2 protein chains.
Amino acid sequence: MAIRSRRLSKDNTYDALKQKIIDSELEPNQPVHEENLAALLGVSRTPLREAIQKLENEDFLIRQPNGRLRVASVTLKEVEEIFQIRSMLEGYIARNAAKHATENDIVNLTTMITKMKHSFQLGDNQNFVTYGFEFHDYLSEISELRTFEKVLNQLKDHSLRYCRFVSMHGDWNTQADEEHDLILQMIADHNEDGAEKAMRDHILSSLATALDRIKGIEEKLEA
Amino acid sequence: MAIRSRRLSKDNTYDALKQKIIDSELEPNQPVHEENLAALLGVSRTPLREAIQKLENEDFLIRQPNGRLRVASVTLKEVEEIFQIRSMLEGYIARNAAKHATENDIVNLTTMITKMKHSFQLGDNQNFVTYGFEFHDYLSEISELRTFEKVLNQLKDHSLRYCRFVSMHGDWNTQADEEHDLILQMIADHNEDGAEKAMRDHILSSLATALDRIKGIEEKLEA
DNA sequence: ATTTGTATAATTGTATACAATTATTAGTTT
DNA sequence: AAACTAATAATTGTATACAATTATACAAAT
């Protein structure tokens, strides 16, 4: 009786494709052709199509009425909704963390914030964003709310795509630092209401930043 | 230039399979074999596998470490999380409806509630559940919050599976009637805070009912 | 010049053959 | 009888051939 956990070609293809989309290597609205991609990634169309379908389900790829594929665009409306949903779900996660977080969790979270501060001082926007997401992911992980986590993971992948785009053109939410500090403090104090509110405020503040940056980028492009 | 909107074999297969799972025709934990299903549904393995993968992504089908498939079980933990998430997201939807609902929307919602009451008096649990979900779906539709709607649709399909199971063994939430009345009234009054709270309370009340019924069923089975 | 029709090419959708992996059975040893 | 092994069957994973559909190019007609 053998137990299998080999990595299927489908999964590798999925990861590679998603990364290219998040990193804007495949740009919004760009058309996608199966045969080209299959050759590029060195797999046949079968596992590629399975990867594509998963990305379709997650709204990273869009199938047009004529059956052709393109990379999803990012609309302000979508971004607003995604951050709005995240604020509610992650607020609940933070409340949960305030109830259950251990001393060790606090130490780990503090480390992540320290790394963030460091990246910020170096002006390393990409790592600033990366460590910020690690902070949020850690809270999801220790929550043991697996359904919350699953829903959030998809939304956060979209958020990441968006943040990467914004942070390529300038600073990301410079208040994120202090906001994370406040969240962590509330969790350490086991203040459930405070943790929930701090997290909601933080995510809605990030939304405001995102919308603001996008307007700036659009104006720059028009000028 | 021809425009295509034909129904693909993959989509039909997906719908048929999901329905069988929601209706418990394919029972929780039941193993699923590709070749059998393909023959049963009259399609080849290729479109079937695409349908299966979509249902995997939505957690209706589970792929075990050895690659074999089974129908997802339903755990109390999952149900709790799903209703908890719904309470927040649909609360926001209800708030939105209180802001934007038209006279015509109020009329349509009233009709749905009337149908529910009627089904309840006839003791028709299945239709009672069906019309209840229509009420919720209608609010999502008019919200124009497409990302909210997409997330909710998946959660509601799981909820429906669960409610159908419960309502086969007895009455569903008998307070749902009055709770819907209250929600509708708040929306008609354009009371945003009231609508959000009424919806959250309603969904959490349904959760309490669900958990209660499940315990009853389990006890009956053990006796 | 614009439109229309037709032939051709390109792309996606489906079926199927085959490869890789896992489960089962039977036989052997202890 | 229990445990291990080898051979076989069953199942899933991948590649590929072909069918169906859609896009493109080009000629003919208005």
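No experiment lies behind these values; they were computed from the predicted model shown. Below, chains carry the letters A, B, ... as their sequence lines are ordered, and counting in each starts from 1.
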Open item on the list: Using the rule side-chain contact (heavy atoms from CB on, under 4.5 Å), only one of A/His136, A/Glu196, A/Met199, A/Glu90 pairs with A/Ile183; which is it?
Closed with: A/Met199
Task: For atom CG of B/Leu37 and atom C1' of C/dA15, their distance in whole Å - done: 17 Å
TODO: Verify the contact: side-chain N or O of B/Thr46 to OP1 or OP2 of C/dT14, cut-off strictly under 4.0 Å; return yes or no.
DONE: no
Task: Protein-nucleotide distance (A/Glu34, atom CD; C/dT12, atom P), rounded to Å - done: 5 Å
Task: A/Asp59 and B/Lys150 ion-paired at < 4.0 Å - done: yes
TODO: May I ask you to decide if B/Phe148's main-chain N or O and A/Glu81's side chain share a donor-acceptor pair within less than 3.5 Å?
DONE: yes
Task: Length of the line joining A/Glu50:CD and C/dT12:P, which is rounded to integer Å - done: 16 Å
Task: Atom CD of B/Glu144 with >12 non-hydrogen neighbours under 6.0 angstrom - done: no
Task: Whole-Å distance separating the CZ atom of B/Arg68 from the P atom of D/dT11 - done: 7 Å
- [ ] Return no unless some side-chain N or O of B/Arg49 is found under 4.0 Å from OP1 or OP2 of C/dA15.
- [x] no
Open item on the list: Under 4.0 Å from OP1 or OP2 of C/dT21: is there any side-chain N or O of B/Asn66 that close?
Closed with: no
- [ ] Find the distance B/Glu35:CD to C/dT16:P and express it as a whole number of Å.
- [x] 11 Å
Task: Separation of atom CG in A/Leu48 from atom P in C/dG13, rounded to whole Å - done: 12 Å
Task: Under-4.0 Å side-chain N/O to phosphate OP1/OP2 contact, B/Arg63 with D/dG13 - done: yes
- [ ] Measure the distance from CZ on A/Arg70 to P on C/dT11 and round it to the nearest whole Å.
- [x] 18 Å
Task: A/Arg45 CZ to C/dT12 P, straight-line distance once rounded to whole Å - done: 7 Å
